[in-house]
Amino acid sequence: MKVPPETLPLAADFPATTREQWQRLTMGVLRKSGLAGDDTPVGAVEDLLAYHDDEVTLAPLYTAEDPTPMPGPPGLFPYTRGGRATGAVAAGWDIRPRHADPDLKVTAEAIGADLEHGATSLWLVLGEHGLPPAGLPAVLEGVYLDLAGVVLDAGAAAVEAVPTWFALLAERRVPVAGVRGSLGVDPLGWLARTGQVWEGPTGEWARRCADGFPGLRSMTVDATAYHDAGASDAQELGCAVATGVAYLRDLTAAGLSVAAAFAQLEFRYAATADQFATIAKLRAARRLWARVAQVCGVPQDGAQRQHAVTSTVMMTARDPWVNMLRTTLACFAAGIGGADAVTVQPFDHCLGLPDDFARRIARNTQSLLLEEANVGRVIDPAGGSWYVERYTEELARSAWAWFTEIEQAGGMAVALDGGMVAERLAATWQRRADNVAHRRNPLTGVSEFPHLDEQLPARPPAPAPPGGGLPRHRYAHAYEALRNRADAHTADTDRRPTVFLATLGPVAVHNARAGFAANLFAAGGIATVRPSVGDDDPARLAAEFAVSGAGVACLCSSDRVYGQSAEVVARALSAAGASRVWLAGKPAGYGGVDDYLFAGCNAVAVLETTLDDLGVA
């Protein structure tokens with residue numbers, strides 16, 4: 001019998017679910033799992049499930065009942081929902097590949113390929129850390145400079161690069177109205193990265209841009225320097241606002257009006273694979289800068305210009321192809337968050353200079369999101385989400401508090417010189433590194449599911465980035481250093497460091513913990529071997545350990561079997577020559593067992609200890 005559509009039950013026919021009902025049901029689950037006691041009040045469920053990410057606390061549930069500020073419409077103050085009323089619908093975002101290869105011929109060919117296949121602007125690294133400034137005319141030969149925007153990133157070499165750029169524009173007789181991009185001058189960013197003070201004619205260049213090149217900005221606030229040093233999102237935003245305010249002071253002192261000074265700045269932020277954090281960060285950044293403009297009395301006729309770059313901190317040298325997934329998420333989030341320009345770093349970024357394939361994938365990631373996934377066809381798709389709006393609000397408040405703290409200390413230059421910024425960022429990085437070491441924040445292909453026998457692609461070395469100031473971190477570094485240590489030992493001895501997994505009982509009993517242990521050891525480049533037959537015979541296991549060539553053993557089985565056999569087997573393995581006996585499971589005080597592997601243990605410390613025990617230098 002066919003039922004008329006109008007008689008089908010709809011969602012409106014179901015009784016509304018209250019927050020209290022959700023709290024009761026959720027508390028029941030927490031009590032069964034042991035995360036809450038029988039006497040824990042139901043109202044505490046949201047505190048138990050809240051996620052604390054540095055300065056921001058995220059609730060497990062957001063509803064219309066939660067107080068959320070009105071973000072305003074897209075294209076209007078405070079620009080939380082985007083700098084343009086049409087979002088990215090009209091033209092998408094600016095696809096901006098980065099070029100740093102000092103080989104002028106290679107870079108010229110790469111630039112041509114990028115512009116031919118979808119790029120709309122260029123980011124050129126110049127000086128000793130990239131292209132020679134004198135090579136600008138050569139690498140831009142054949143490029144229509146009134147169609148493709150160019151952003152310079154020259155650091156201290158700007159004194160040579162900027163005049164070369166202006167001379168090239170004059171020589172090519174490029175219509176000034178068509179020149180887009182930025183001179184990329186960032187003295188405080190250079191101080192942050194190198195610890196060196198750089199002073200140049202920034203005011204003169206800014207006046208030249210303001211008077212003669214309406215589409216060309218003179219200064220970049222590169223907040224990725226703080227992100228790379230371990231900053232939280234709020235700290236990155238606070239440093240960016242403090243730097244921007246410092247530049248406003250410098251530019252107005254050089255004779256520019258406040259409105260003209262605002263128009264000279266572009267902001268660069270890191271986009272990560274945490275898509276909601278990136279979306280909220282870009283939205284909060286516009287709101288913060290709009291507040292600065294409001295306080296300065298600048299007419300509210302434009303939003304902060306944003307350039308999002310996929311994070312270097314999240315990139316890995318091991319299993320680098322997974323970076324394609326990370327950068328796709330980051331690019332998606334940058335587009336949703338309203339970035340004006342996006343740079344996707346090639347997946348082989350940590351291995352050296354990218355090849356043509358890596359550049360193509362990075363470029364096409366953006367084209368796919370724009371042209372096939374239609375990400376740019378919806379205006380602020382995250383707008384109105386209770387979670388995103390609240391996340392944006394909390395991030396903005398935390399960033400503003402950090403910004404005011406910097407200002408009270410004397411401004412960004414003083415905060416950098418005095419070590420205030422470095423100290424605060426180091427504390428944040430330590431917390432994040434600890435989460436990575438304990439695998440609370442897993443890294444696919446590195447700390448989880450590593451591939452011991454992978455063959456990494458060879459790449460020519462990239463120019464070393466500037467150093468001497470704030471450190472540069474990557475989440476994967478500690479694990480990759482251990483992998484490199486183990487691989488060097490393997491190359492020298494023709495034998496990979498190996499741990500013997502003493503599996504007790506049948507496969508169904510020991511396999512889960514044996515797999516857990518093997519995965520953990522592989523993260524440090526350590527292979528594992530198992531006995532030919534899983535049983536509890538201490539003599540048989542000790543004999544198999546002796547012929548395996550492994551110097552360390554790890555017991556793998558269930559808690560019940562451990563209670564029966566762990567001590568006697570551990571002692572037999574030690575007698576057979578095991579320098580250390582691990583047990584895969586929670587610490588339980590078994591005799592003969594030296595230490596334990598379990599979910600949440602410090603995996604980096606475990607791997608360092610194991611390599612030491614195996615005599616790996």
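This is a predicted model, so every value here is computed, not measured.
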Working for side chain to side chain contact (heavy atoms under 4.5 Å, CB included), residues Ser232 and Trp402: CA-CA 11 Å; Ser232 66; Trp402 172 231; over 6 Å; no
side-chain hydrogen bond (donor to acceptor under 3.5 Å, both in side chains) evaluation trace for Arg326 with Asn323: CA-CA 5 Å; Arg326 298 184 179 103; Asn323 289 328; 2.9 Å; yes
Step-by-step side chain to side chain contact (heavy atoms under 4.5 Å, CB included) determination, Ser311 to His227: CA-CA 8 Å; Ser311 165; His227 174 81; 2.7 Å; yes
Working for side chain to side chain contact (heavy atoms under 4.5 Å, CB included), residues Tyr562 and Arg513: CA-CA 12 Å; Tyr562 286 154; Arg513 278 176 168 162; 3.4 Å; yes
Thr312 vs Thr224, side chain to side chain contact (heavy atoms under 4.5 Å, CB included): CA-CA, chis, key distance, verdict: CA-CA 9 Å; Thr312 300; Thr224 64; over 6 Å; no
Check against salt bridge (charged side-chain N to carboxylate O under 4.0 Å, His left out), Lys586 and Asp559: CA-CA 9 Å; Lys586 286 288 186 181; Asp559 292 341; over 6 Å; no
Test salt bridge (charged side-chain N to carboxylate O under 4.0 Å, His left out) applied to Asp101 and Arg359, step by step: CA-CA 13 Å; Asp101 192 332; Arg359 283 196 169 281; over 6 Å; no
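Judged purely by atom type and a 3.5 angstrom limit, Ser385 uses its side chain to pair as donor or acceptor with the backbone of Val388. At least one donor-acceptor pair closer than 3.5 Å links the side chain of Ser579 to the backbone N or O of Gly551. In terms of modelled atom types and a separation under 3.5 Å, the side chain of Tyr479 and the main chain of Val436 share a donor-acceptor contact. Ser557 places a side-chain N or O within donor-acceptor distance of the main-chain N or O of Leu504, the cut-off being under 3.5 Å. Between the side chain of Gln366 and the backbone N or O of Arg363 there is no donor-acceptor pair closer than 3.5 Å. Side chain of Glu567 to backbone of Gly591: a donor-acceptor contact under 3.5 angstrom is found.
In this model, no donor atom of one side chain and acceptor atom of the other lie less than 3.5 Å apart for Thr327 and Gln345. Between the side chains of Thr316 and Glu480, no donor N or O sits under 3.5 Å from an acceptor N or O. For the residue pair Thr26 / Arg31, no side-chain donor-acceptor distance below 3.5 Å is found, with atom types taken as modelled. Looking at Arg19 and Thr63, their side chains do bring a donor and an acceptor atom within 3.5 Å of each other. A side-chain donor from one of His307 and Thr343 sits under 3.5 Å from a side-chain acceptor of the other.
Using a 4.5 Å heavy-atom threshold, the side chains of Cys331 and Thr328 count as separate.
Summarising the geometry, atom OG1 belonging to Thr503 is positioned 9.0 Å from atom CG belonging to Asn511; distances are rounded to the nearest 0.5 Å. Met27 CE to Lys32 NZ: the interatomic distance, rounded to the nearest 0.5 Å, is 13.5 Å.
Between Phe276 and Tyr387, the ring center distance clears the sub-6.0 Å criterion.
By the 6.0 Å and 45° rule, Arg390 does not stack over the aromatic ring of Trp386.
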Expected list for residues 38-45: side-chain donor-acceptor pairs under 3.5 angstrom, two or more places apart:
from	atom 1	to	atom 2	distance (Å)
Thr40	OG1	Gly37	N	2.9
Thr40	OG1	Gly37	O	3.2

Residues 452-462, side-chain donor-acceptor partners within the protein, below 3.5 Å, at least two apart:
from	atom 1	to	atom 2	distance (Å)
Glu454	OE1	Asp319	N	3.0
Glu454	OE2	Asp319	N	3.4
Arg459	NE	Asp348	OD2	2.5
Arg459	NH2	Asp348	OD2	3.3
Arg459	NH2	Asp355	OD2	3.0

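Using a 30° and 60° split on the angle between ring planes, Tyr475 and Trp429 fall in the parallel class, below 30°.
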